[in-house]
Amino acid sequence: IATGGQPAEQAAEQAVARPERRPTARTVLMCRPEHFTVVYRINPWMNPAEPTDTGLAVAQWQVLHDTFVGLGYDVQLIDPIEGLPDMVYAANGGFVVGGIAYGAKFTYPERQPEGPAYMEWFREAGFDVREPVEVNEGEGDFLLVGDAILAGTGFRSDSRSHEELAAIFGREVVTLRLVNPSFYHLDTAVAVLDPTPGQEHIAYLPSAFDEASVALLQARFPDAIIVNEADAAVLGLNSFSDGYHVVIASRATDFERQLREHGYHPIGVDLSELLLGGGGVKCCTLELRR
Ligand code: ARG
């Protein structure tokens with residue numbers, strides 16, 4: 001009793017029936033960071049004055065790639081293009097569901113040539129490509145959860161792209177407004193842990209959103225994992241889950257514990273070099289859904 005409520009809390013946590021977590025097969029697109037560097041600044045993480053180590057970026061990325069392969073994922077690769085140092089962040093290359101690939105139209109001129117490059121890859125891979133009219137940064141801001149799409153705006157994707165998204169995919173689109181420039185893409189502030197309809201589960205950082213968006217998230221996902229500021233600040237939420245294995249930033253230690261408590265199997269990787277560009281695990285990963 002003198003030690004406080006901790007053991008009782010833990011017992012209560014264990015008493016709660018957790019759904020059984022199951023992995024499902026994933027197909028992802030990645031881009032080897034052969035030309036990675038930081039020569040411009042389009043988010044607060046980037047500092048062109050700070051040196052980057054392309055070899056280290058490639059080595060860390062390779063660990064992520066091999067982790068996905070080891071988990072049995074089908075990992076596809078797009079050729080990196082010289083002069084497009086952010087192309088490694090494949091999540092921004094589009095949004096792909098049911099064989100339809102909605103192309104990206106980047107906010108900043110530095111990344112704009114990536115849009116057509118990714119669309120060309122989708123076309124060659126047999127996807128039904130939809131050219132974007134509105135500014136959007138693909139799966140960086142759009143996340144499939146159940147039958148709905150969570151869509152971020154505030155820094156990158158224009159809210160008009162949310163309407164375009166709804167029209168193309170015929171799905172409910174839930175607009176969420178980001179307010180902290182360090183969490184400029186939705187996938188830096190929300191992690192989809194289980195997208196399966198009927199058992200949707202996410203983790204998020206409330207302070208990254210305006211009040212109305214937090215209310216929406218609370219109402220929709222009452223059992224969500226709330227991640228702390230420290231874990232979010234190492235892009236812990238920028239993770240990739242297959243419904244059981246969750247590949248996360250190894251420095252996000254509290255999030256790792258929370259995931260275990262919720263029945264997941266977290267796998268930590270170190271992408272410190274790619275963090276210099278403002279990206280983590282999820283940014284390097286675009287899910288391809290046929
Ligand atoms: N330097 C890139 C940018 O600012 C990083 C993109 C990170 N990608 C992501 N899905 N959050 O556009």
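For ligands, and for the atoms within them, numbers begin at 1 and follow the listed sequence. Keep in mind that what you see is a predicted model, and the values were worked out from it rather than measured.
Residue, atom and distance of the protein heavy atom nearest to atom 9 (C) of ligand 1 are Cys283 SG, 2.7 Å. Nearest protein neighbour of atom 4 (O) of ligand 1, counting heavy atoms only, is Asn43 ND2, 2.7 Å. Among all protein heavy atoms, the one lying closest to atom 1 (N) of ligand 1 is Gly277 O, 2.7 Å. Given atom 10 (N) of ligand 1, the protein heavy atom at minimum distance is Asp187 OD2, 2.7 Å.
Every N/O-N/O distance between Tyr89 and ligand 1 stays at or above 3.5 Å. Of the N or O atoms in Gly140, none lie within a sub-3.5 Å distance of an N or O in ligand 1. For Asn92, a nitrogen or oxygen atom sits less than 3.5 Å from a nitrogen or oxygen atom of ligand 1, counting backbone and side chain alike. At under 3.5 Å, not a single nitrogen or oxygen of Thr188, backbone or side chain, sits near a nitrogen or oxygen of ligand 1. For ligand 1, the polar-atom distance check against Arg156 finds a nitrogen or oxygen pair separated by under 3.5 Å.
At a 4.0 Å cut-off, at least one heavy atom of Tyr184 sits close enough to ligand 1 to count as contact. Contact annotation: Glu139 has no heavy atom less than 4.0 Å from any atom of ligand 1.
Taking CG from Asp187 and OH from Tyr89, the interatomic distance works out to 11.5 Å, rounded to the nearest 0.5 Å. Atom CG of Asp74 is separated from atom CZ of Arg26 by 13.0 Å, given to the nearest 0.5 angstrom. Once rounded to the nearest 0.5 Å, the distance linking OG1 of Thr107 with CD of Gln112 reads 8.0 Å. Here the straight-line distance linking atom CH2 of Trp45 with atom CG of Leu274 works out to 12.5 Å at 0.5 Å rounding.
No close placement of the His245 and Tyr73 rings is indicated, their centers lying 6.0 Å or farther apart.
Using a 4.0 Å cut-off between a side-chain N of Lys or Arg and a carboxylate O of Asp or Glu, Arg41 and Glu50 do not qualify as a salt bridge. A salt bridge is defined here as a Lys NZ or Arg NE, NH1 or NH2 lying under 4.0 Å from an Asp or Glu carboxylate O, and Arg160 with Glu164 fails to meet this definition.
With a heavy-atom cut-off of 4.0 Å, Lys282 does not touch ligand 1 at all.
For ligand 1, the atoms lying closer than 4.0 Å to a non-hydrogen atom of Gly278 are 7 (C). Under a 4.0 Å criterion applied to the non-hydrogen atoms of Asp86, ligand 1 contributes the atoms 1 (N), 2 (C), 3 (C). Close approach of ligand 1 to Met46 is summarised as follows: ligand atoms under 4.0 Å from at least one heavy atom of the residue are 1 (N).
When only modelled atom types and interatomic distance are considered, Asp66 and Gln62 share a side-chain donor-acceptor pair under 3.5 Å.
Within a 6.0 Å radius of CZ in Arg257, other residues, nucleotides and ligands contribute more than 12 heavy atoms.
Between the Asn43 side chain and the Gly277 main chain, a donor and an acceptor come within less than 3.5 Å of each other.
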